[in-house]
Amino acid sequence: MAHITYFPQGTCSQQMDIEVENGRVKQAFVMGGCSGNLQGICSLVRDMPVDEVIARLEGIRCGYKSTSCPDQLAQALKQAKAKGL
(Lines give C-alpha, C1' and ligand atoms only; values in the text may rest on other atoms or scores of the structure.)
Protein backbone atom coordinates (compact mmCIF):
# COMPACT_ATOMS: atom_id res chain seq x y z
CA MET A 1 0.00 0.00 0.00
CA ALA A 2 1.33 3.46 -0.93
CA HIS A 3 0.80 6.43 1.35
CA ILE A 4 0.75 9.90 -0.20
CA THR A 5 1.05 13.12 1.79
CA TYR A 6 0.32 16.16 -0.37
CA PHE A 7 0.25 19.86 0.50
CA PRO A 8 -2.32 21.56 -1.77
CA GLN A 9 -1.59 24.86 -3.47
CA GLY A 10 -4.19 27.61 -3.97
CA THR A 11 -6.94 26.08 -1.81
CA CYS A 12 -8.23 26.32 1.74
CA SER A 13 -7.21 22.75 2.51
CA GLN A 14 -3.77 22.35 4.05
CA GLN A 15 -2.88 18.68 3.73
CA MET A 16 -4.11 15.56 1.96
CA ASP A 17 -3.28 12.02 3.07
CA ILE A 18 -4.15 9.35 0.54
CA GLU A 19 -3.67 5.58 0.62
CA VAL A 20 -3.53 3.72 -2.69
CA GLU A 21 -3.44 -0.03 -3.18
CA ASN A 22 -3.45 -1.93 -6.47
CA GLY A 23 -4.23 1.22 -8.43
CA ARG A 24 -7.26 2.14 -6.31
CA VAL A 25 -7.78 4.85 -3.69
CA LYS A 26 -8.35 3.05 -0.40
CA GLN A 27 -8.61 6.08 1.91
CA ALA A 28 -8.35 9.83 1.55
CA PHE A 29 -8.33 12.45 4.29
CA VAL A 30 -8.15 16.22 3.87
CA MET A 31 -7.23 18.66 6.63
CA GLY A 32 -8.65 22.16 6.37
CA GLY A 33 -11.10 23.35 3.74
CA CYS A 34 -14.85 22.74 3.67
CA SER A 35 -15.16 19.76 5.98
CA GLY A 36 -18.51 18.36 4.85
CA ASN A 37 -17.74 18.67 1.14
CA LEU A 38 -14.30 17.14 1.52
CA GLN A 39 -15.60 14.26 3.63
CA GLY A 40 -18.12 13.60 0.87
CA ILE A 41 -15.48 13.68 -1.85
CA CYS A 42 -13.20 11.37 0.15
CA SER A 43 -16.08 8.95 0.63
CA LEU A 44 -16.98 9.00 -3.07
CA VAL A 45 -13.43 8.27 -4.27
CA ARG A 46 -12.94 5.37 -1.86
CA ASP A 47 -12.22 2.16 -3.81
CA MET A 48 -12.23 4.10 -7.10
CA PRO A 49 -9.41 3.51 -9.61
CA VAL A 50 -6.75 6.25 -9.46
CA ASP A 51 -7.16 7.03 -13.18
CA GLU A 52 -10.91 7.50 -12.75
CA VAL A 53 -10.45 9.87 -9.81
CA ILE A 54 -8.01 11.93 -11.88
CA ALA A 55 -10.35 11.98 -14.90
CA ARG A 56 -13.36 13.05 -12.83
CA LEU A 57 -11.72 15.67 -10.59
CA GLU A 58 -8.94 17.27 -12.61
CA GLY A 59 -9.74 20.78 -13.77
CA ILE A 60 -12.54 21.53 -11.29
CA ARG A 61 -12.30 25.13 -10.14
CA CYS A 62 -13.44 26.78 -6.91
CA GLY A 63 -15.05 30.10 -7.72
CA TYR A 64 -12.49 32.47 -9.22
CA LYS A 65 -9.53 30.24 -8.28
CA SER A 66 -7.70 28.28 -10.96
CA THR A 67 -7.91 25.11 -8.85
CA SER A 68 -10.00 23.48 -6.11
CA CYS A 69 -9.64 20.81 -3.44
CA PRO A 70 -10.94 18.12 -5.83
CA ASP A 71 -8.47 19.30 -8.51
CA GLN A 72 -5.66 19.23 -5.97
CA LEU A 73 -6.59 15.66 -5.04
CA ALA A 74 -6.28 14.78 -8.73
CA GLN A 75 -2.92 16.58 -8.89
CA ALA A 76 -1.67 14.64 -5.85
CA LEU A 77 -2.57 11.36 -7.53
CA LYS A 78 -1.04 12.42 -10.87
CA GLN A 79 2.20 13.41 -9.12
CA ALA A 80 2.34 10.11 -7.23
CA LYS A 81 1.55 8.16 -10.40
CA ALA A 82 4.39 9.91 -12.24
CA LYS A 83 6.73 8.78 -9.44
CA GLY A 84 5.69 5.16 -9.89
CA LEU A 85 2.71 4.87 -7.57
Side-chain angles (χ1 to χ4, degrees):
M1 184 174 303
H3 180 85
I4 302 160
T5 298
Y6 183 79
F7 299 96
Q9 302 291 312
T11 63
C12 299
S13 59
Q14 300 164 349
Q15 182 176 328
M16 296 180 174
D17 289 308
I18 310 157
E19 292 179 3
V20 176
E21 184 175 40
N22 298 323
R24 299 179 88 82
V25 174
K26 288 300 176 187
Q27 294 278 347
F29 301 98
V30 181
M31 281 58 81
C34 304
S35 180
N37 290 334
L38 291 168
Q39 287 179 56
I41 290 166
C42 290
S43 179
L44 290 170
V45 302
R46 191 174 301 130
D47 292 321
M48 189 181 288
V50 167
D51 289 334
E52 186 174 348
V53 174
I54 293 168
R56 288 177 181 249
L57 300 182
E58 186 175 33
I60 293 175
R61 296 173 53 137
C62 183
Y64 62 87
K65 297 177 183 178
S66 62
T67 189
S68 66
C69 293
D71 179 62
Q72 288 294 294
L73 179 57
Q75 299 309 313
L77 292 170
K78 278 181 69 172
Q79 186 179 75
K81 193 174 170 189
K83 292 180 180 178
L85 172 71

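The first residue in the sequence is number 1, and the count goes up from there.
- When side chains are defined from C-beta on, T5 counts as touching Q15, because their heavy atoms get closer than 4.5 Å.
- When all heavy atoms are compared, the tightest approach of I60 to R56 is CD1-O, 3.8 Å.
- Counting heavy atoms from C-beta outward, M16 and L73 have side chains that approach closer than 4.5 Å.
- Between T11 and C62, every side-chain heavy-atom pair lies at or beyond the 4.5 Å cut-off.
- Here CG of D71 is found 8.5 Å from NZ of K78. Values are rounded to the nearest 0.5 Å.
- Closest approach of Q75 to Y6, counting heavy atoms only: CB-OH, 3.7 Å.
- Residues E58 and L77 form no side-chain contact, since every pair of their non-hydrogen atoms from C-beta on lies 4.5 Å or further apart.
- Once rounded to the nearest 0.5 Å, the distance linking SG of C34 with CD1 of I41 reads 9.0 Å.
- To the nearest 0.5 Å, atom CG of residue L57 and atom OG of residue S68 are 7.5 Å apart.
- Side-chain contact between R24 and P49 is present, with at least one heavy-atom pair separated by less than 4.5 Å.
- Side-chain contact of Q39 with S43: a donor-acceptor pair under 3.5 Å is absent, judged by distance alone.
- Once rounded to the nearest 0.5 Å, the distance linking CG of D51 with NZ of K81 reads 3.0 Å.
- Taking both residues in full, the closest heavy atoms of G32 and L38 are given as O-CD1, 3.3 Å, listed atom of the first, atom of the second, then distance.
- More than 12 heavy atoms of other shown residues, nucleotides or ligands fall within 6.0 angstrom of atom NZ in K26.
- In this structure, R46 and Q27 have side chains that are in contact, with non-hydrogen atoms separated by less than 4.5 Å.
- Residues I18 and A76 come closest through the heavy atom pair CD1-CB, 3.8 Å.
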Tell me, with the steps shown, if D17 and M31 meet side-chain contact (heavy atoms from CB on, under 4.5 Å). CA-CA 9 Å; D17 289 308; M31 281 58 81; 3.0 Å; yes
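- The distance from the CG atom of D47 to the CD atom of E21 is 9.5 Å, given to the nearest 0.5 Å.
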